[in-house]
Trainee: 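Sharing a structure, written as C-alpha cells. Questions coming.
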Amino acid sequence: MHVDELVTPALLIDRTKLFQNIRMMAEKARQSDVMIRPHIKTHKCLEIGRLQLEEGATGITVSTIGEALAFIEGGFSDITLAFPPTPEKIPVLLDIAERATLKIIVDNPSIVAELEAECTGSNVILDVLLKVDCGYHRCGVDPAKDQALSLVQSIENAKHLRFRGILTHAGHAYNTSTVEEIAQVATQEQETMVKFAELLQQKGLAPEVVSIGSTPTCMITEGFKEGITEIRPGNYVFFDATQAALGACELSDCALTVLTSVVSVQQHHIVVDAGATTLSKDAGATHILPEKGYGVILSDFNSNTPAEGLQFTALSQEHGKIRIDGASSSKSFRVGHRLRVIPNHTCLAANLSDRYYIVDKDRVTAVWAVQRQRFAKDLE
Ligand SMILES: Cc1ncc(COP(=O)(O)O)c(C=O)c1O
C-alpha cells in the first residue's frame with residue numbers, strides 16, 4: 001500500500017530508523033558490558049519488543065500491569081514493573097509472578113509490609129528492587145539517608161520478598177538545556193547508584209541489579225561505569241522533537257511521525273486533523289524552544305527537515321492549528337494536502353493510537369498493534 005492511501009491521522013514508523021535506533025542502543029550497552037532492558041511503555045508494541053530482544057535485550061521494563069499482561073500473552077517472560085505498586089494490585093502481581101520472571105520496585109516500608117502480608121501462607125517469593133532517587137525527586141529513597149538502608153534490610157528480612165537490587169530513573173535530564181548538562185546528570189545518576197551499591201555491599205546486602213536509564217542520559221554518556229549492570233531507556237526507539245531539542249538525537253533519527261491532512265485553509269493559517277487526541281498536548285522542551293508548538297512540521301515526505309514558516313499554535317481535540325508566516329503562503333495548501341509531524345513526545349502520541357504503519361520510503365509494509373487499554377479489562 002502507498003502511504004497516500006492511508007486515512008489520516010496515522011502514525012508512521014520508518015522501519016530503517018527504527019532498526020538503527022534499536023541497534024545503536026543495544027551496541028552502546030554491549031560496549032560497556034551492561035544489560036539492556038528497554039522500557040516498552042514508549043511503543044507498547046509486541047513486534048518492536050521482539051526486535052529489541054533479538055538485538056540482545058535481556059527482558060523488558062513496563063509501567064503498568066496492562067503492559068505486563070499484554071507482553072506476557074505475547075510471549076515475553078522477563079519483566080520489570082518499574083512503577084510503584086499499590087495494595088489493590090498485589091494479587092495481580094502475584095499472579096504475574098507465577099507466569100513470568102517479575103521484578104517490582106518499592107520505595108516505602110508500608111508497601112513492603114503489605115506485600116509480605118499478602119504473600120503470607122503462600123509459596124510465592126517476589127523479586128524486589130529498591131527505587132532510588134538520583135536527583136529527579138519524583139519517587140525513590142534518598143540513598144544518603146538511613147531509611148534507604150533500613151528499607152533494604154526490611155525487604156531482606158521479609159520471608160516472601162527477595163532483595164534483588166536498586167533502580168533509578170534520571171528524569172531530571174529532561175530539564176537540562178545543553179548536552180553538557182545531560183552529561184552531568186548522567187554522571188550523577190551513575191555515581192549515586194555505584195556509591196550506594198558499594199555501601200550495600202559493605203553491609204552484606206550486595207545488589208545483583210544496579211539499573212539506570214533515561215534516553216537522554218544513555219545517549220549522552222560516553223559509557224556506563226563499572227558497577228552499573230543494566231540500562232532501561234525507552235524513548236530511543238522512536239526519539240522525538242523533545243529529544244532533538246535537548247541534543248540527545250538529531251531530527252533525522254526520529255522514527256515515528258504523524259501523517260496528517262489539511263482540513264481547512266484560511267488566510268494566515270491552516271487546520272490539520274492531528275489535534276490533541278493524536279499528538280497529545282505535550283508542549284515539548286519549552287525551556288529551550290519557547291513557543292515551538294506541538295511538534296515539528298516537516299518540509300516534505302522524504303526528509304525530517306523542518307518546514308519553514310509553519311508552526312502549530314493551538315491544538316483542540318481533533319484540530320491542529322498551524323500558523324503560516326514568512327516564505328510560506330496558505331495558497332500553496334489545499335484540503336487533503338498531507339504533512340508529516342514529529343511529535344514532541346512520541347510515548348504519549350503512541351499511547352493515543354491503536355496501530356503503527358511501518359513504512360519503507362512511501363510504501364506501507366506492515367501494520368503493528370499498540371497494546372494499550374488493557375489494565376481495566378484485566379482487573380475486572
Ligand atoms: C522508571 C523509568 N525507567 C525508564 C524510563 C525510560 O526513560 P526514557 O523515556 O527517557 O527513555 C522511564 C521513563 O519515564 C521511567 O519512568
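Every number for a ligand or one of its atoms is a count from 1 in the order of the listing. Sequence positions, counted from 1, serve as the residue numbers for this chain.
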Trainee: What protein heavy atom sits nearest atom 9 (O) of ligand 1, and how far away is it?
Mentor: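 So the nearest neighbour among protein heavy atoms is Tyr174 OH, 3.6 Å.
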Trainee: Considering only Ile, Leu, Val, Met, Phe, Trp and Tyr, and joining two whenever side-chain heavy atoms are under 4.5 Å apart, list the other residues clustered with Val7.
Mentor: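 Besides Val7, the hydrophobic cluster comprises nothing; the residue is isolated.
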Trainee: Against heavy atoms of Asn235, which atoms of ligand 1 measure under 4.0 Å?
Mentor: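 The atoms of ligand 1 under 4.0 Å from a heavy atom of Asn235 are 8 (P), 9 (O), 11 (O).
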Trainee: Need the ligand 1 atom indices (1-based, order shown) with element for anything under 4.0 Å from a heavy-atom of Ser214.
Mentor: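 It comes down to these atoms of ligand 1: 7 (O), 10 (O).
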Trainee: Pairs of nitrogen or oxygen atoms closer than 3.5 Å, one from Thr42 and one from ligand 1: do any exist?
Mentor: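 N/O-N/O distance below 3.5 Å does not exist for this pair.
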Trainee: Taking Arg37 first and then Asp78, would you say they form a salt bridge - that is, a charged N and a carboxylate O separated by under 4.0 Å?
Mentor: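 Answer for the salt bridge query: yes.
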Trainee: Shortest non-hydrogen contact from Leu18 to Val237?
Mentor: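 What the structure gives for the nearest pair is CD1-O, 3.7 Å.
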Trainee: Would you indicate whether the side-chain heavy atoms of Leu12 and Val258 approach each other to under 4.5 Å?
Mentor: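 Heavy-atom side-chain distance check fails, nothing below 4.5 Å.
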Trainee: Heavy-atom pairs closer than 4.0 Å: do any link ligand 1 to the side chain of His169, the backbone, both, or neither?
Mentor: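 Side chain only; the backbone of His169 stays clear of ligand 1.
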Trainee: Which atoms of ligand 1 are found less than 4.0 Å from any heavy atom of Gly234?
Mentor: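 Near Gly234, the atoms of ligand 1 are 6 (C), 8 (P), 11 (O).
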Trainee: To check your reading of the model: name the closest protein heavy atom to atom 16 (O) of ligand 1, its residue, and the distance in Å.
Mentor: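 The closest one turns out to be Arg138 NH2, 3.1 Å.
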Trainee: Which of the listed options, Lys131, Arg232, His345, holds the heavy atom that is closest to atom 4 (C) of ligand 1?
Mentor: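 Going through Lys131, Arg232, His345 one by one, Arg232 has the nearest heavy atom to atom 4 (C) of ligand 1.
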Trainee: Can you list the ligand 1 atoms lying under 4.0 Å from a non-hydrogen atom of Ala82?
Mentor: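 Those of ligand 1 that fall under 4.0 Å from Ala82 are 1 (C).
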Trainee: Have a look at Met219, His39, Lys41 and point out the one with the heavy atom closest to atom 14 (O) of ligand 1.
Mentor: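 The option holding the nearest heavy atom is Lys41.
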Trainee: Quick one: do the Thr365 and Arg15 side chains pair a donor with an acceptor below 3.5 Å?
Mentor: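 Yes, because at least one side-chain N or O of Thr365 sits under 3.5 Å from a partner of the opposite role on Arg15.
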Trainee: Walk me through it: do Leu310 and Phe333 pass the test side-chain contact (heavy atoms from CB on, under 4.5 Å)?
Mentor: CA-CA 12 Å; Leu310 295 184; Phe333 293 94; 3.9 Å; yes
Trainee: Would Arg340 count as a cation-pi partner of Phe301, with NZ or CZ less than 6.0 Å from the six-membered ring centre and within 45° of the ring normal?
Mentor: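 Checked: cation-pi criterion met.
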Trainee: Under a single-linkage rule joining Ile, Leu, Val, Met, Phe, Trp and Tyr whose side-chain heavy atoms are separated by less than 4.5 Å, which residues share a cluster with Tyr136?
Mentor: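 Besides Tyr136, the hydrophobic cluster comprises nothing; the residue is isolated.
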Trainee: Any atoms of ligand 1 less than 4.0 Å from a non-hydrogen atom of Pro233? List them with their elements.
Mentor: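 Going through ligand 1 atom by atom, the ones under 4.0 Å from Pro233 are 11 (O).
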Trainee: Can you sort out which atoms of ligand 1 are near Pro216, meaning under 4.0 Å from one of its heavy atoms?
Mentor: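 Going through ligand 1 atom by atom, the ones under 4.0 Å from Pro216 are 10 (O).
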